[in-house]
Amino acid sequence: MSHSIQLSTPSRTLHLPHSPLHRPLSSFSFRQFPLPSTLKYTSLRASSSPDSSSTSTSSLLHSPNGSPAEEKPSSSSAIDVDTVTESELKENGFRSTRRTKLICTIGPATCGFDQLSALAEGGMNVARLNMCHGTRDWHRDVIRSVRRLNEEKGFAVAIMMDTEGSEIHMGDLGGDDASAKAEDGEVWTFTVRAFDASRPQRTISVSYDGFAEDVRVGDELLVDGGMVRFDVIEKIGPDVKCLCTDPGLLLPRANLTFWRDGSLVRERNAMLPTISSKDWLDIDFGIAEGVDFIAVSFVKSAEVINHLKSYLAAHSGGEDIGVIAKIESIDSLTNLEEIILASDGAMVARGDLGAQIPLEQVPAAQQRIVKVCRELNKPVIVASQLLESMIEYPTPTRAEVADVSEAVRQRSDALMLSGESAMGQFPDKALTVLRSVSLRIERWWREEKRYEGTPLQAIGSASSDRISEEICNSASKMANNLGVDAVFVYTKNGHMASLVSRCRPDCPIFAFTNTTSVRRRLNLQWGLIPFRLSFSEDMESNLNKTFSLLKSRGMIKSGDLVIAVSDMLQSIQVMNVP
Ligand SMILES: Nc1ncnc2c1ncn2[C@@H]1O[C@H](COP(=O)(O)OP(=O)(O)OP(=O)(O)O)[C@@H](O)[C@H]1O
Ligand SMILES: CC(=O)C(=O)O
Ligand SMILES: [K+]
Ligand SMILES: [Mg+2]
């Protein structure tokens, strides 16, 4: 058995002393493929049969009942890629493609087709719909516009529906009020009464009937995680009188928390279901409209994630919907590992998290959540207030740029805009800032050759899963050491692509998959450039086909060095594009 990998350039023989493949694994052997006239490569292949390349750990992307009609490949010779990726690849080459994914919350500022189109052109990978706001008809229109955009322009923008959850929040402000200003020293009334007509002056309705009973005089009331603060000074039936101690803007449906003797009052929240009856109706709506992800607010345990996943499996007709756990409560931090293990991804929901734990603990929590997600191979989103000042101003603060940089540096999968894109004045500019800061940090890694060095623990238990992992780990390491232009991964359900993404290699990952729904879901993961392409079990013909399609569109060129891995054949192939 040879311990070297022969590249297609005959003069170069590569020794990989630290490669996991170098270990004396008797089941690994090198096998020379018959060389087609146009393609020369040497392949490294595991001796287990291709059929055993089980990817059962991927519940997110596994399609048990086959693909619905919409997902049928349109043409066997076409490749689906959006115009932005195509021109980026043509103009700047592989290396400069962005690795960090971008999510935009859609709201009144961005719900029109042209506005959505501008966001997609600006790099939006996922559109988030927050079910706390807007009607189902409004959300349906947005979902359909995004779908039209994908169909017309080749984008793979995924839709993430975010549940309202049953935490306590303010009601709508009534009338045309977009916000209300609370000044220091003013007395405001928080009430469980609903208003028939216009909102009485300095009065705010509260979503939770037990509010007036639970809150006590002397408690501190925090709006939106402390953006505005009040002291509870008097209770009169359903009305709670509060003195403003920290002034600020009250936004419709802002989250409310109350604190007693320096800690969060949680007894009440524990009794509310994580998924409310309204959330279940929203979830049915999301299934009917074919959303790609459901983000669950205020997750407390893995149980609710498992429950939702069985519900989706039973009701979504074989369509896969990824479940994202929002980490925004103390309970979710306590049960972090098991929650993330049960989920298909997680969100560091810093807005509410910062209202539940002291603010100075949020950065450490973020770092821990990002790390656990990497370990367990789940995409992770860093969310809230990344560019908060850009709701009002066209340039970010230096501190915001530093915060975005830190999230990119942690190699989180995705960054999310909230109010900046939903109702801010500069949604496109905010997206541009996320994009340019991501690109800058990523370029710095390349310039400094700062490869991700974190050793990753094994996740799969079945031997074929372990082999897939080792192949992806080795392929990524080889990609860094050889300075290859791209890793190609052929994946039916996306699992193999996520394993390559997990290694955060220093080159883009072209993920070829044969369904549009898997293509959209891959768009949440770090470094993956998802293409839809119909392919066969025969890797040689897949590669030849991909090379000719991409070359004809100017996205790759002869001589580019590529590493290929796939679901179908447990092998690593290294080759120059013919
Ligand atoms: N669909 C929508 N319709 C109207 N306004 C919206 C919509 N989505 C978001 N917004 C506005 O953008 C703001 C920020 O959005 P964001 O999604 O962060 O909501 P949030 O209310 O802070 O709750 P969450 O904790 O779920 O993120 C909201 O407070 C709201 O004013
Ligand atoms: C995104 C979200 O829900 C939060 O930050 O609270
Ligand atoms: K929400
Ligand atoms: Mg929240």
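Quick caveat, the model's predicted, so the values are computed rather than measured. Note: hydrogens, waters and symmetry copies are ignored here, and every other heavy atom, side chains too, is used. Numbers here are sequence positions counted from 1.
- Lys300 and Ser329 share no side-chain donor-acceptor pair at under 3.5 Å.
- No side-chain N or O of Tyr311 forms a donor-acceptor pair with one of Ser316 less than 3.5 Å apart.
- Using a cutoff of 4.0 Å between basic side-chain nitrogens and carboxylate oxygens, Arg148 and Glu151 are not scored as salt-bridged.
- Cation-pi geometry between Arg374 and Trp526 is not met at under 6.0 angstrom from the ring centre and within 45 degrees of the axis.
- Side-chain atoms of Ser412 come within 3.5 Å of backbone N or O of Ala407 as a donor-acceptor pair.
- The backbone N or O of Val408 lies less than 3.5 Å from no partner atom in the side chain of Arg411, so there is not a single donor-acceptor pair.
- A donor and an acceptor atom, one from each side chain of Asn480 and Asp506, are nowhere located under 3.5 Å apart.
- For the pair Ser384 (side chain) and Ala349 (backbone), a donor-acceptor distance under 3.5 Å is absent.
- Here the straight-line distance linking atom CE of Met347 with atom OG of Ser332 works out to 12.0 Å at 0.5 Å rounding.
- Between Val518 and Arg532, every side-chain heavy-atom pair lies at or beyond the 4.5 Å cut-off.
- Between Lys309 and Asp344, at least one side-chain nitrogen of the basic residue sits less than 4.0 Å from a carboxylate oxygen of the acidic one, meeting the salt-bridge criterion.
- Donor-acceptor pairing under 3.5 Å is recorded for the side chains of Lys326 and Ser297.
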Could you give me the CA-CA distance, side-chain angles and deciding distance for Thr97 and Leu439, then say whether side-chain contact (heavy atoms from CB on, under 4.5 Å) is met?
-> CA-CA 8 Å; Thr97 55; Leu439 286 168; over 6 Å; no

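- Counting non-hydrogen atoms of neighbouring residues, nucleotides and ligands closer than 6.0 angstrom, the CD atom of Glu86 exceeds 12 such neighbours.
- A cation-pi arrangement is present between Arg409 and Trp444 under the rule of less than 6.0 angstrom and at most 45 degrees off the ring axis.
- A distance of 9.0 Å separates CG in Leu499 from OG in Ser476, rounded to the nearest 0.5 Å.
- Using a 4.5 Å heavy-atom threshold, the side chains of Ile294 and Ile324 count as separate.
- A donor-acceptor pair under 3.5 Å links the side-chain atoms of Asn576 to the main chain of Gly559, judged by distance alone.
- Scanning both residues, Thr105 and Met416, for their nearest heavy atoms gives OG1-CE, 4.1 Å.
- With no hydrogens or angles considered, a side-chain donor-acceptor pair links Asn542 and Ser536 at under 3.5 Å.
- There is no side-chain donor-acceptor pair under 3.5 Å between Ser438 and Arg98.
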Just do the side-chain contact (heavy atoms from CB on, under 4.5 Å) check on Val126 and Ile159 with the steps written out, would you?
-> CA-CA 6 Å; Val126 179; Ile159 304 272; over 6 Å; no

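- The line from SG of Cys104 to CG of Leu119 is 4.5 Å long, rounded to the nearest 0.5 Å.
- In this structure, Glu328 does not pair ionically with Arg350, as no charged nitrogen and carboxylate oxygen lie closer than 4.0 Å.
- Considering every non-hydrogen atom in both Cys507 and Ala479, the closest pair reads SG-CB, 4.0 Å.
- Between Ala365 and Leu353 the shortest heavy-atom distance is CB-CD2, 4.2 Å.
- The side-chain heavy atoms of Leu341 and Ser343, taken from C-beta on, include no pair separated by under 4.5 Å.
- Val404 is listed as a side-chain neighbour of Leu415, based on a closest heavy-atom distance under 4.5 Å.
- For the residue pair Gln366 and Glu406, no side-chain donor N or O sits within less than 3.5 Å of a side-chain acceptor on the partner.
- Side-chain contact check for Leu533 versus Thr513: every heavy-atom pair is 4.5 Å or farther apart.
- Aromatic rings from Phe512 and Phe488 are positioned such that their centres are separated by under 6.0 Å.
- When side chains are defined from C-beta on, Ser548 does not count as touching Arg553, because their heavy atoms never get closer than 4.5 Å.
- With hydrogens and angles ignored, the 3.5 Å screen pairs a side-chain donor or acceptor of Gln570 with a backbone N or O of Ser464.
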For Glu537 and Lys492, run salt bridge (Lys or Arg N to Asp or Glu O under 4.0 Å): C-alpha distance rounded to whole Å, both residues' side-chain angles, the deciding distance at 0.1 Å, then the answer.
-> CA-CA 11 Å; Glu537 300 286 316; Lys492 287 180 178 163; 2.6 Å; yes

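- In terms of heavy atoms, Ile339 sits closest to Ala325 at CG2-CB, 3.5 Å.
- Side chain to side chain, Asp413 and Thr100 fail the donor-acceptor criterion of an N or O pair below 3.5 Å.
- One N or O on the side chain of Asp485 and one on the backbone of Leu561 form a donor-acceptor pair closer than 3.5 Å.
- For Arg128 (side chain) and Met160 (main-chain N/O), no donor-acceptor pair under 3.5 Å exists by modelled atom type.
- No more than 12 heavy-atom neighbours from other residues, nucleotides or ligands sit within 6.0 angstrom of CD on Glu303.
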Check the pair Thr491, Asp567 against side chain to side chain donor-acceptor pair (under 3.5 Å), reporting the backbone distance first and the verdict last.
-> CA-CA 5 Å; Thr491 178; Asp567 279 352; 3.2 Å; yes

Give the C-alpha distance, both sets of side-chain angles, the deciding distance and a yes or no for salt bridge (Lys or Arg N to Asp or Glu O under 4.0 Å) between Lys545 and Glu540.
-> CA-CA 9 Å; Lys545 177 175 169 176; Glu540 252 169 63; over 6 Å; no

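- Between Cys472 and Arg502, every side-chain heavy-atom pair lies at or beyond the 4.5 Å cut-off.
- Minimum heavy-atom separation, Ala497 to Val489: N-CG2, 3.8 Å.
- Ser498 and Asn377 share a side-chain donor-acceptor pair at under 3.5 Å.
- Residues Leu524 and Phe293 meet the side-chain proximity criterion, which asks for heavy atoms closer than 4.5 Å.
- Rounded to the nearest 0.5 Å, atoms CG (Leu336) and CD1 (Ile340) are 3.5 Å apart.
- One N or O on the side chain of Asp82 and one on the backbone of Thr85 form a donor-acceptor pair closer than 3.5 Å.
- Without hydrogens or angle criteria, Glu319 side chain to Ile287 main chain gives no donor-acceptor distance under 3.5 Å.
- Taking CD1 from Ile467 and OG from Ser474, the interatomic distance works out to 11.5 Å, rounded to the nearest 0.5 Å.
- Ion pair Glu375/Lys371 not flagged as a salt bridge, since none of the NZ, NE, NH1 or NH2 atoms sits closer than 4.0 Å to an Asp/Glu carboxylate oxygen.
- Taking CD of Glu289 as the start and CG of Leu129 as the end, the distance is 10.5 Å to the nearest 0.5 Å.
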Going through the checks in order, is the side-chain contact (heavy atoms from CB on, under 4.5 Å) test met by Val157 and Leu116?
-> CA-CA 10 Å; Val157 175; Leu116 290 166; over 6 Å; no

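- Within the 3.5 Å criterion, the main-chain N or O of Arg521 finds no donor-acceptor partner in the side chain of Asp292.
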Would you check, one step at a time, whether the test salt bridge (Lys or Arg N to Asp or Glu O under 4.0 Å) holds for Glu470 with Arg466?
-> CA-CA 6 Å; Glu470 289 294 346; Arg466 293 280 301 106; 3.5 Å; yes

Carefully, step by step, assess Thr83 and Phe155 under the rule side-chain contact (heavy atoms from CB on, under 4.5 Å).
-> CA-CA 8 Å; Thr83 46; Phe155 288 108; 4.3 Å; yes

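- Nearest heavy-atom pair, Ala342 versus Ile305, reported as atom, atom and distance to 0.1 Å: O-CG2, 3.4 Å.
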